[in-house]
Amino acid sequence: MSKKIASARISTQSSALLQELNQSLPFDKVLYQEDIKGSLSHSKMLYKQGIISKEDYKSIKQALKQTRDEIKSGKFSLDGDDEDIHMAVEGRVTQIAGDSGKRLHTARSRNDQVAVDFRLYVQKNTLNIASLLLENIKTFTKIASKHTETLLPGMTHLQHAQPINFGYHLMAYVSMFKRDYERFMDAYNRNNLSPLGCAALAGTPHNINREMTAKELGFKAPTLNCLDSTSDRDFALDILYNISTMMMHISRLSEELILWSSSEFGFVTLSDAHATGSSIMPQKKNPDIPELLRGKSGRVYGNLISLLTVMKSLPLAYNKDMQEDKEGVFDSVRTATLSLKVLNEMVDMMRVNSDKMKSACMIGHLSATDLADYLVREINMPFRDAYHITGSVVNLAEKKGVDISQLNIQDLQKIDKRIGEGVVALLDNKASMNARNSQGGTATSETKKQIKSMKKWIKREK
Ligand code: ARG
């Protein structure tokens, strides 16, 4: 049995099992900085509003700072049996500041306290993840600008489709990461409101000033409705969803890197710093990093579904179910942060095997569409007829065991006399890639425009 911490009404000792089930300190202790920050603002406001005396404020402030130092240095351990970080900090402050410390909880409740602590944590990490995304965007764009002429087989259904350039492929991921970045910043701005001062659910009769604490804590303004704000966890769901979508993008890239680093493709070689060996097969070099990044998307989706399920059907306002909101968010934030750091380093250091990419473009008659487009454009042939004639040309190339780009004019005219001399040059893979110069297309000129516009955007965001 253990002592009852936060209760004036319950007299018997708590069951040790209740204590174990109820306690959030083992995981919410990571919020100690936010908790102390919130308490510093709250106590300052109480003093400025004439709710506590200057002397009480001074000793509370000193005790809060001392508590922070003690936690940092390990002198005050957060492994005790306090119910949560809020009780642990308040308890230590009261030990240090005596009766003044007992005034800290005036005009607030743990319900607004946890809402503000958790929101501060989410806001801070939202900005951190966004800036790591920006680092990746810069790295990918830098590599893309070196590879706007590096031929790569563009695929659909994982089958060779049309020649593109490697820079263009990378810019597709940069576009995804830019959307991810914007999603995090949107959430940051939407959630930049302070729930502090909402107390248990209905506000407080004390003459508090919520504007003051909101500004002091870096929020734009206080939230509108206390019943909502003490039980709203949308901000946590936002970061979980944003991380999930970002990790989904990373998992697609990881899948490609795993394929590309295999002997079948050989398009890239991961640095030895990012590859692992096998315990039994001495010759092996495994792409564990992209495999782990791919796998970690599963766990962050789990955290999102888990919190959605916790929140489903909860009556207003705070319910203890909501204590289940934190561990999944901490886990997803840790996962996302590490994944972005590793990804940036791995992509920056990997070797791009341009020759392998180029020779792979000779498989699959990638420029076949260019012949059909030529017939439509130059001799006004209906597309469906052009499609069939091109099919016959492909069959001929297959029979000769060559790529369509290796056929000569005699070969082509054997299928249709109307095919003119100029076609042979059009069927070259590089020409085919550069022919796709419509807006957003793969032509080197268009890829360069995409890179330029992305670099402009990066400059604005910095
Ligand atoms: N540890 C709690 C949580 O994480 C803090 C809020 C407790 N509030 C309460 N009324 N029991 O949700």
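Values reported hereafter were calculated over all heavy atoms of this structure, with side chains retained and with hydrogens, waters and symmetry mates removed. Computed from a prediction, not measured in an experiment: that's the story for all the values here.
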Keeping the roles fixed (side chain from [X], backbone from [Y]), state whether a donor-acceptor pair exists under 3.5 Å.
X: Q450; Y: G441; answer: yes
X: N111; Y: T230; answer: no
X: K285; Y: L270; answer: yes
X: E324; Y: L307; answer: no
X: D112; Y: L196; answer: no
X: D117; Y: A115; answer: no
X: N353; Y: D355; answer: no
X: Y188; Y: V122; answer: no
X: H147; Y: H169; answer: no
X: H160; Y: I363; answer: yes

Next item on the list: Not counting sequence neighbours, which residues clear side chain to side chain donor-acceptor pair (under 3.5 Å) with S59? List them please.
Entry: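 Result, side chain to side chain donor-acceptor pair (under 3.5 Å) vs S59: S100.
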
Note to self: My understanding is that only residues two or more places apart in sequence, or in another chain, count here; which of them pass side chain to side chain donor-acceptor pair (under 3.5 Å) with K37?
What the structure shows: none

Would you check if [X] and [Y] make a side-chain contact, meaning some heavy-atom pair closer than 4.5 Å?
X: L314; Y: M311; result: yes
X: V347; Y: M350; result: yes
X: I289; Y: L293; result: yes
X: M357; Y: L151; result: no
X: M248; Y: Y301; result: yes
X: Y32; Y: F76; result: no
X: N22; Y: K320; result: yes
X: M346; Y: L257; result: yes

Item checked: Stepwise side-chain contact (heavy atoms from CB on, under 4.5 Å) test for K452 and K449 -> CA-CA 5 Å; K452 196 169 158 201; K449 277 188 208 160; 5.6 Å; no

Go through the side-chain N and O atoms of [X] and [Y] and say whether any donor and acceptor fall under 3.5 Å apart.
X: N344; Y: T139; result: yes
X: N286; Y: T276; result: no
X: D35; Y: Q113; result: yes
X: S254; Y: R294; result: no
X: R119; Y: S194; result: no
X: R92; Y: Q95; result: yes

Check: Does a side-chain N-to-carboxylate-O contact under 4.0 Å join K29 and D79?
Finding: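 Salt bridge present between K29 and D79.
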
Margin query: What I want to find out is whether E182 reaches K178 closely enough, with some N-O distance under 4.0 Å, to be called a salt bridge.
Written below: yes

Notebook entry, point to check: Are F177 and F140 an aromatic pair by the rule of ring centers under 6.0 Å?
Noted result: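 Yes, the ring centres sit under 6.0 Å apart.
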
Check: side chain to side chain contact (heavy atoms under 4.5 Å, CB included) with I243: which of T337, V333, V329, T335?
Finding: V333

Next item on the list: In sequence, state the C-alpha distance, the side-chain angles, and the governing distance for N434 and T444, and then conclude on side chain to side chain donor-acceptor pair (under 3.5 Å).
Entry: CA-CA 6 Å; N434 279 319; T444 298; 3.2 Å; yes

Next item on the list: Kindly assign one of parallel, tilted or perpendicular to the pair F267 and F265, based on the angle between their ring planes and the thresholds 30° and 60°.
Entry: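 Geometry flag for F265 against F267: perpendicular rings.
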
Check: Going through the distances and angles, do C226 and R210 end up as a side-chain contact (heavy atoms from CB on, under 4.5 Å)?
Finding: CA-CA 11 Å; C226 291; R210 293 188 59 209; 4.0 Å; yes

Note to self: One pair to check against side-chain contact (heavy atoms from CB on, under 4.5 Å): E90 and T94. What are the steps and the verdict?
What the structure shows: CA-CA 6 Å; E90 189 188 330; T94 305; 4.3 Å; yes

